[in-house]
Amino acid sequence: MEHKDEVLEIMESKGVNRRDFIKYCTLVTSVLGLAPTMIPRVAQAVTAKERPTVIWLQFAECTGCSEALLRTTYPWVDDLVLEVLNIAYHETIMAPSGEAAEKSLHDAMEKYKGKYILLCEGGIPMKDGGIYGKVGGKTMLDIAKAATKDALATVCIGTCACYGGVQAAKPNPTQAVSVAKATGAKTINIAGCPPNAINIVATVVHYLLLGKLPATDKEGRPLFAYGKLIHDDCPRRSHYENKEYVKKFGDEGAKKGWCLAEVGCKGPNTHNNCARVLFNDGTNWPVGAGHPCIGCSEPDFWDTQAPFYEAI
Ligand code: FSX
Ligand code: SF4
Ligand code: F3S
């Protein structure tokens with residue numbers, strides 16, 4: 001049986017018919033900004049036999065990023081990703097634990113040296129030689145340095161890995177920084193706290209389709225997803241232009257779906273495709289649910305953008 005049929009058979013055993021599968025491929029194609037004529041090629045890419053090997057490391061973070069991917073409302077996307085990628089190591093979903101897990105990582109890095117894609121979640125604590133973040137007796141700093149050194153490419157998933165994230169917020173007691181800063185590696189940054197799972201999948205599909213990672217902005221974020229501001233695509237934009245603002249949560253303006261700028265919306269400074277792509281199978285997104293954008297895909301957003309918090 002061909003690998004493509006095997007993947008589709010696995011999908012079907014999860015109750016996913018070919019139509020759903022093609023619907024998903026259509027979504028990924030549009031997220032990437034590709035013409036609809038590319039849908040068959042996207043479907044082909046995700047069912048191809050050649051699967052890139054991935055080592056998936058988690059540093060200082062909340063696991064929300066893995067959760068966002070594994071708990072999408074397409075309940076089978078996790079299976080699809082696991083079939084599309086050859087995941088040699090992922091702390092949350094792999095079977096081995098303890099020393100066996102350590103060995104898996106070591107073996108995977110040896111076996112696929114120079115050939116694996118490294119996916120990273122989480123920031124890296126740097127204070128006192130990195131001792132505030134350890135896995136298996138090794139500092140996250142040392143693990144990240146070793147893993148990025150021999151990676152074909154490093155993709156950061158979530159604002160923590162991209163820019164330091166929540167643990168790097170003031171007063172940043174562990175001196176956490178991004179994976180790029182800690183290791184000197186060049187990274188592709190799928191920012192967001194958490195990022196939209198579709199942007200992770202689309203980045204992988206871009207690699208499978210074109211054999212290279214997507215073009216990025218100066219913050220390392222793929223342009224297909226982060227090339228525009230939230231504010232540019234926001235359905236509340238006409239209210240912004242008409243100066244129709246929510247003044248207080250629950251007021252008349254809130255009920256009418258007016259602009260959230262005056263209750264702290266950071267959409268005008270935030271690069272992401274949430275307004276176009278939405279979350280949870282296109283159900284909704286923060287601003288759609290009446291919550292201001294807190295700028296979660298921007299560097300240092302906890303200190304500079306989040307509307308509800310004050311510095312200690
Ligand atoms: Fe950070 Fe992700 Fe926010 Fe959490 O791995 S971007 S705290 S959703 O889990 O890193
Ligand atoms: Fe812009 Fe936010 Fe108002 Fe939407 S709600 S128009 S993103 S300020
Ligand atoms: Fe984050 Fe703002 Fe989107 S808070 S999820 S970038 S709407």
Side-chain angles (χ1 to χ4, degrees), residues 56-71 90-93 119-125 133 140 144 155-169 176-179 187 189-200 219 221 225-226 228-247 249 253-254 256-280 283-302 304-309:
W56 194 316
L57 297 178
Q58 290 172 279
F59 302 118
E61 42 89 32
C62 81
T63 311
C65 300
S66 272
E67 289 287 336
L69 180 66
L70 301 174
R71 311 268 175 264
H90 184 306
E91 278 149 18
T92 312
I93 56 173
L119 299 188
C120 295
E121 291 179 53
I124 313 285
M140 291 171 174
V155 179
C156 288
I157 296 180
T159 298
C160 298
C162 300
Y163 311 119
V166 64
Q167 45 283 311
V177 298
S178 66
V179 171
T187 62
N189 295 331
I190 318 286
C193 185
N196 196 324
I198 194 77
N199 292 334
I200 303 171
E219 303 292 353
R221 298 172 294 199
Y226 302 92
K228 283 175 80 186
L229 293 167
I230 294 283
H231 194 55
D232 293 338
D233 292 314
C234 182
R236 295 180 190 235
R237 180 66 186 257
S238 61
H239 297 297
Y240 175 88
E241 302 300 341
N242 292 335
K243 301 191 171 33
E244 292 167 342
Y245 300 118
V246 174
K247 303 278 182 194
F249 292 108
K256 289 182 178 155
W258 285 358
C259 171
L260 298 161
E262 295 203 350
V263 283
C265 184
K266 299 300 190 288
N269 313 320
T270 304
H271 298 82
N272 211 335
N273 58 358
C274 314
R276 267 177 289 143
V277 176
L278 310 181
F279 286 79
N280 299 331
T283 314
N284 211 344
W285 66 299
V287 171
H291 193 291
C293 169
I294 62 170
C296 79
S297 51
E298 294 298 320
D300 303 326
F301 82 96
W302 293 101
T304 58
Q305 304 243 67
F308 296 129
Y309 313 112

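By convention here, the first residue in the shown sequence is residue 1. We count ligands from 1, going down the list as the structure has it; atoms in each ligand are counted the same way. We use all heavy atoms of the structure for the numbers below, so side chains are in, but hydrogens, waters and symmetry mates are not.
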Which pair of heavy atoms, one from [X] and one from [Y], lies closest together, and at what distance?
X	Y	answer
G264	P292	C-CB, 3.9 Å
S178	I124	O-CG1, 4.2 Å
S66	Q58	OG-NE2, 3.7 Å
F301	I294	CD1-O, 3.3 Å
E121	T63	OE1-CA, 4.3 Å
W285	I230	CZ3-CG2, 3.6 Å

Ignoring hydrogens and angles, tell me if any N or O in the side chain of [X] forms a donor-acceptor pair with the backbone of [Y] under 3.5 Å.
X	Y	answer
N196	I198	yes
N273	K228	no
S297	H271	yes
Y163	E219	yes

query: Between Y240 and Y245, how do the two ring planes meet: parallel, tilted or perpendicular, split at 30° and 60°?
result: perpendicular
statement: Shell check on atom 1 (Fe) of ligand 2: protein N, O or S atoms less than 2.8 Å away are H231 ND1
query: For atom 2 (Fe) of ligand 3, which protein heavy atom lies nearest, and how many Å away is it?
result: C293 SG, 2.3 Å
message: Students should be able to answer this: which protein heavy-atom is nearest to atom 4 (S) of ligand 3, and at what distance?
response: I294 N, 3.2 Å
Non-hydrogen side-chain atoms of [X] and [Y] separated by less than 4.5 Å:
X	Y	answer
T159	W302	no
C120	F59	yes
P125	Q167	no

Only heavy atoms of [X], strictly under 4.0 Å: list the atoms of ligand 3 that pass.
X	result
W285	7 (S)
N272	6 (S)
F279	5 (S)
T270	6 (S)

field: Which of the ligand 1 atoms, numbered from 1, are nearer than 4.0 Å to a heavy atom of G192
entry: 6 (S)
- prompt: In terms of atom number and element, which parts of ligand 1 are under 4.0 angstrom from non-hydrogen atoms of T159?
  reply: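 By the 4.0 Å cutoff, the relevant atoms are 6 (S).
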- prompt: If hydrogens are left out, which of A191, C274, G295, S297 has an atom nearest to atom 3 (Fe) of ligand 3, that is, the closest non-hydrogen atom?
  reply: C274
Atom 4 (Fe) of ligand 1: protein N, O or S atoms that are less than 2.8 Å away, sorted by chain: C62 SG
- request: State if P195 counts as touching ligand 1 under the rule of any non-hydrogen atom under 4.0 Å.
  value: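 P195: no contact with ligand 1 (<4.0 Å).
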field: Pair R221 + E298: basic N to acidic O under 4.0 Å
entry: yes
task: Answer yes or no for F301: is there a heavy-atom contact with ligand 3 below 4.0 Å?
output: no
- prompt: Does ligand 3 have any atom sitting under 4.0 Å from a heavy atom of V287?
  reply: no
task: Answer yes or no for C296: is there an N/O/S atom below the 2.8 Å cut-off from atom 2 (Fe) of ligand 3?
output: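 It does not: C296 brings no N, O or S atom closer than 2.8 Å to atom 2 (Fe) of ligand 3.
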- prompt: From L229 CG over to C234 SG, what is the distance, rounded to the nearest 0.5 angstrom?
  reply: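 Rounded to the nearest 0.5 Å, the CG-SG separation comes out at 11.5 Å.
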